[in-house]
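Quantities reported herein were computed from a predicted structural model and do not represent experimental measurements.
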Amino acid sequence: GPAGPPGWGAPVAGHGWCSVGELTRWGFAHAPVVMANEAHDGLTRSIRTRESGIRIIEAAHATGVRRLAMEALPWPARGVAGPIRVLPAREGGYLAQPDMRRLITTAMDLGWTLWAYDPEAEITAGADPAALLTLDYTNWRDREQARNLSRLVADAPGEPLLVWYGGGHAAKVPTGEWVTMGCHFPGMSGVEAFVIDQTVTVEWKGRPQPGIPELLEALSGMLAACGGTAGILREQAPPPLDAHIGVDAVVVSTDNVLT
């Protein structure tokens, strides 16, 4: 079969499958902004997606990337997205989880600057917490995420940026009436990001996604050779992965549990 795109190294299976690091290098060779996600549901998360995040950061570093924008980071001050150079203290939430702290520390130890981009919701006294669960709020949040990321791009022209997000925010097509950050970003920034989705084989609420167990069985030899996790360009991916039209690449794994 094809050996993958030019300059991609030698994918293990000869059909475009490669390591997460190779996928990251391919992304930054073709786009100044690469967006990669983790899988979480409430405070349960796929530790594997964060461990792959460490490899993504290391591969990005080798290509010259020194900036990381993270959805989970708090703003240092009102209107100031960064640079964040000290690991934020957090009593709870994602930032208290050791795997998330390892990911952040990896970037900091490499001398990167970190940036917040998730808008800080104005929670006023007496406000209804349910308002934060509405489609209107979600669409506002994604639009603001795109605006904040566009500002980070504009403020440092020519500086590549890695964006770490959760779930489906970077999808380049709407999900029903949810118009994602990834839909807004190209028009606001003038940049076409390379989007990596690590969640396509994750077992949400403990249940495998349709067609995924059969796919993982078919890929078992390749995955064993890759240490359990591998990536591919979506346009080269077998079904049902090729149906994820809002992203540029997908990562599959034998480790799909939320903990």
Side-chain angles (χ1 to χ4, degrees), residues 20 23-24 27-28 31-57 59-60 65 67-75 81-82 84 88 90 93-95 97 99-104 106-107 112-121 132 137-153 160-175 178-186 188-189 191-202 204 231 234 244-251 258:
V20 173
L23 197 59
T24 304
F28 276 113
V33 177
V34 170
M35 301 185 178
N37 62 355
E38 63 174 65
H40 58 235
D41 182 7
L43 285 179
T44 66
R45 76 284 192 198
S46 161
I47 293 176
R48 177 263 300 175
T49 56
R50 292 182 182 166
E51 289 174 342
S52 290
I54 290 173
R55 293 197 289 279
I56 288 170
I57 289 168
V65 183
R67 298 195 305 154
L68 172 62
M70 294 186 71
E71 190 179 64
L73 286 172
W75 289 60
I84 298 165
R90 271 295 161 99
Y94 300 130
L95 294 180
Q97 294 173 336
D99 36 290
M100 181 66 107
R101 295 182 84 76
R102 278 198 302 276
L103 184 150
I104 295 172
T106 298
W112 286 30
T113 55
L114 274 62
W115 305 82
Y117 74 88
D118 198 26
E120 297 197 280
L132 300 183
Y137 173 79
T138 301
N139 280 335
W140 170 84
R141 178 189 175 198
D142 275 72
R143 198 164 52 247
E144 291 301 308
Q145 285 188 348
R147 186 170 286 128
N148 291 333
L149 286 170
S150 299
R151 197 169 292 135
L152 289 179
V153 169
L161 178 69
L162 176 63
V163 178
W164 189 255
Y165 68 100
H169 287 284
K172 298 177 182 184
V173 294
T175 304
W178 176 27
V179 184
T180 52
M181 172 269 283
C183 293
H184 294 292
F185 180 75
M188 288 184 176
S189 66
V191 169
E192 186 69 43
F194 182 85
V195 176
I196 300 172
D197 186 353
Q198 294 208 90
T199 71
V200 295
T201 59
V202 166
W204 300 104
R234 185 194 58 80
H244 291 270
I245 54 172
V247 301
D248 299 295
V250 291
V251 173
L258 294 178

Quick check: closest heavy atoms across [X] and [Y], and the distance to 0.1 Å?
| X | Y | value |
| --- | --- | --- |
| A39 | T49 | N-OG1, 3.2 Å |
| L161 | A69 | CD1-N, 4.0 Å |
| V191 | P32 | CG1-CG, 3.7 Å |
| W164 | R50 | CZ2-CA, 4.2 Å |
| T24 | A59 | CB-CB, 4.0 Å |
| Y165 | I196 | OH-O, 3.5 Å |

Distance from [X] atom [atom1] to [Y] atom [atom2], nearest 0.5 Å?
| X | Y | atom1 | atom2 | answer |
| --- | --- | --- | --- | --- |
| R55 | L23 | CZ | CG | 12.0 Å |
| L73 | M100 | CG | CE | 7.5 Å |
| L68 | L162 | CG | CG | 5.0 Å |
| L95 | I104 | CG | CD1 | 5.0 Å |
| I57 | L103 | CD1 | CG | 4.0 Å |
| N37 | S52 | CG | OG | 10.5 Å |

- request: Begin from the C-alpha positions of L43 and Q97 and carry the test side chain to side chain contact (heavy atoms under 4.5 Å, CB included) through to its verdict.
  value: CA-CA 9 Å; L43 285 179; Q97 294 173 336; 4.1 Å; yes

message: Going by the rule side-chain hydrogen bond (donor to acceptor under 3.5 Å, both in side chains), which residues pair with R101 if we only count those two or more places apart in sequence or in a different chain?
response: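 For R101 there are no side-chain hydrogen bond (donor to acceptor under 3.5 Å, both in side chains) partners, ignoring immediate neighbours.
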
Are side-chain heavy atoms of [X] and [Y] found at a separation under 4.5 Å?
| X | Y | answer |
| --- | --- | --- |
| V179 | R143 | no |
| L149 | R151 | no |
| F194 | M35 | no |
| Y94 | H40 | yes |
| T199 | W204 | yes |

- line: Applying side-chain contact (heavy atoms from CB on, under 4.5 Å) to D142 and not counting sequence neighbours gives T138, Q145, H169, W178, T180, M181

- prompt: Would you say K172's side chain and F185's backbone share a donor-acceptor pair under 3.5 angstrom?
  reply: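 Looks like no, no N/O pair under 3.5 Å.
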
field: Any donor-acceptor pair under 3.5 Å from W75 side chain to P119 backbone
entry: no

- prompt: Hey, is D197 close enough to R234 for a salt bridge, meaning N to O under 4.0 Å?
  reply: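 No, no charged N to carboxylate O under 4.0 Å.
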
Ion pair check, R48 and E51, cut-off under 4.0 Å: no

message: Quiz question: by atom type and distance under 3.5 Å, do the side chains of R147 and S150 form a donor-acceptor pair?
response: no

- prompt: Going through the checks in order, is the salt bridge (Lys or Arg N to Asp or Glu O under 4.0 Å) test met by R141 and E144?
  reply: CA-CA 5 Å; R141 178 189 175 198; E144 291 301 308; over 6 Å; no

- request: Kindly indicate, with the supporting measurements, whether the criterion side chain to side chain contact (heavy atoms under 4.5 Å, CB included) is fulfilled by W112 and R67.
  value: CA-CA 5 Å; W112 286 30; R67 298 195 305 154; 5.8 Å; no

message: Against Q198, only a single residue in V250, I56, V247 fulfils side chain to side chain contact (heavy atoms under 4.5 Å, CB included); can you say which?
response: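 The residue from V250, I56, V247 that satisfies side chain to side chain contact (heavy atoms under 4.5 Å, CB included) with Q198 turns out to be I56.
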
